[in-house]
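One structure is given here, and the rest of the page talks about it.
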Amino acid sequence: MNPPGVGQVRVWDRLVRTLHWLLATGFFAAYFTRHASGAMHEWLGYGVLAVVGIRLIWGFAGTRYARFSQFIRSPAKTLSYSRKWLTSTAPRFIGHNPLGGWMTVCLLLGVLATCISGWLYTTDRYWGVEWVENLHETLTWACFGLIALHLAGVIHASWHHRENLVAAMLHGRKREPAGTDVD
């Protein structure tokens, strides 16, 4: 076994990793404070919205593997990858694989929509409006569904490629590319 960092490449920069865990923590904290008195839920929502905003900016201006242009693949390439994923023959990617790339986009947009609907509910115009409350709740549950799919994908990819992706999101490194890996 190699010492930490040897035979590994830096993939996830500190900002991507920090935003990832802040987003996860903030989203769950907001969910668990949804019925609490005071403004905690609202302020957590604003914090999550700020995290999403920074991540969206970093998706265009960030380091190589943080950029959307590096990991968003065409529908045809994503479908091809999906077929291989279903048969456990999908190649290993150093950054996000095509499904992981689109999951990142879906999660960011889902959380963004949840935050916006929550903010709308705090405005004078939409306070107490049932459809806005229902939309916010529906979007929250849709995000939970996306989170479940995300975790399933992480578990599958970690098992299939014998690589701890959770650890990679903590320290930022992954095993060096082999001849069959995709950058």
- request: List, by chain and then residue number, the residues other than M40 in its hydrophobic cluster (Ile/Leu/Val/Met/Phe/Trp/Tyr, side-chain heavy atoms under 4.5 Å); write none if there are no others.
  value: L44

query: Under 4.5 Å between any side-chain heavy atoms of K77 and P98, yes or no?
result: no

- prompt: Can you check whether W21's main-chain N or O pairs, donor with acceptor, with T25's side chain at less than 3.5 Å?
  reply: yes

- prompt: Is there a donor-acceptor contact under 3.5 Å from the side chain of R173 to the main chain of L170?
  reply: no

message: Tell me the closest heavy-atom pair linking Y65 and W12, and the distance in Å.
response: O-CZ3, 3.6 Å

- prompt: Within the distance-only criterion (no hydrogens, no angle test), does the side chain of R55 pair as donor or acceptor with the backbone N or O of L15 below 3.5 angstrom?
  reply: no

- prompt: In terms of hydrophobic clusters joined by side-chain contacts under 4.5 Å, are M103 and I155 together?
  reply: no

message: Which residue is it: L22, T140, V52? I am looking for the one with a side-chain contact (heavy atoms from CB on, under 4.5 Å) to F27.
response: T140

task: Go through the steps to decide whether S88 and H156 satisfy the test side chain to side chain contact (heavy atoms under 4.5 Å, CB included), and finish with yes or no.
output: CA-CA 9 Å; S88 292; H156 180 273; 3.6 Å; yes

task: Group every Ile, Leu, Val, Met, Phe, Trp and Tyr by side-chain heavy-atom contacts under 4.5 Å, then state whether L23 and I57 land in the same group.
output: no

query: Does one side chain, of D13 or T63, offer a donor that lies under 3.5 Å from an acceptor on the other?
result: yes

field: Nearest-0.5 Å distance that lies between atom CG in N97 and atom NZ in K84
entry: 12.0 Å

message: Is the shortest side-chain heavy-atom distance between P91 and H161 below 4.5 Å?
response: no

- line: Correct closest heavy-atom pair for L56 and F68 would be O-CE1, 3.6 Å

Aromatic centroids of F71 and F93 separated by under 6.0 Å: no

Under 3.5 Å: donor-acceptor pair, side chain of K174, backbone of I94: yes

query: Is there side-chain contact between L120 and V129, with heavy atoms separated by less than 4.5 Å?
result: no

- request: Of all the heavy-atom pairs spanning V9 and P177, show the shortest one and how long it is.
  value: CG1-CD, 4.1 Å

Verify same cluster id: L109, L99 (apolar side-chain graph, 4.5 Å): no

message: Tell me whether R67 contacts the main-chain N or O of G59 through its side chain, where contact means a donor paired with an acceptor under 3.5 Å.
response: no

task: Ignoring hydrogens and angles, state whether a donor on the side chain of H96 or T104 is under 3.5 Å from an acceptor on the partner side chain.
output: yes

- prompt: Would a hydrophobic clustering, with Ile, Leu, Val, Met, Phe, Trp and Tyr connected at side-chain separations under 4.5 Å, put Y81 with L79?
  reply: no

field: H20 versus H150, closest heavy-atom pair with distance
entry: NE2-NE2, 4.0 Å

task: List the atom of Y126, the atom of Y121, and the distance in Å for their closest heavy-atom pair.
output: O-CD1, 3.6 Å

task: Could you tell me whether the side chain of S158 and the main chain of L165 form a donor-acceptor pair under 3.5 Å?
output: yes

- request: Check the hydrophobic clustering (I, L, V, M, F, W, Y; side-chain heavy atoms under 4.5 Å; chains of links allowed) and say if L149 and W85 are grouped together.
  value: no

message: Within the supplied structure, the quantity of interest is the number of heavy atoms (other residues, nucleotides, ligands) at a distance under 6.0 Å from R162 CZ; does it exceed 12?
response: yes

message: If you define the side chain from C-beta out and look only at heavy atoms, does anything of Y46 sit under 4.5 Å from C115?
response: no

message: Less than 3.5 Å apart, any donor N or O on the side chain of T78 or W102 sitting next to an acceptor on the other?
response: yes

- prompt: Given side chains that start at C-beta, do those of F28 and I147 come closer than 4.5 Å, heavy atoms only?
  reply: yes

query: Would you find a donor on one side and an acceptor on the other, under 3.5 Å apart, between the side chain of H136 and the backbone of T114?
result: yes

task: Output yes when a side-chain donor or acceptor of R34 lies under 3.5 Å from a complementary backbone atom of Y31, and no otherwise.
output: yes

statement: R17 and M169 have their tightest heavy-atom pair at CG-O, 3.2 Å

task: Answer yes or no: is there a donor N or O on one side and an acceptor on the other, between the side chain of T33 and the main chain of A36, under 3.5 Å?
output: no

- request: Check whether any side-chain heavy atom of T87 sits under 4.5 Å from a side-chain heavy atom of R83, and report yes or no.
  value: no

- prompt: Does E163 use its side chain to pair, donor to acceptor, with the backbone of R175 at less than 3.5 Å?
  reply: yes

- prompt: Is the number of heavy atoms from other residues, nucleotides or ligands within 6.0 Å of CH2 (W58) greater than 12?
  reply: yes

Inter-residue atom distance I116.CD1 - L49.CG, 0.5 Å rounding: 6.5 Å

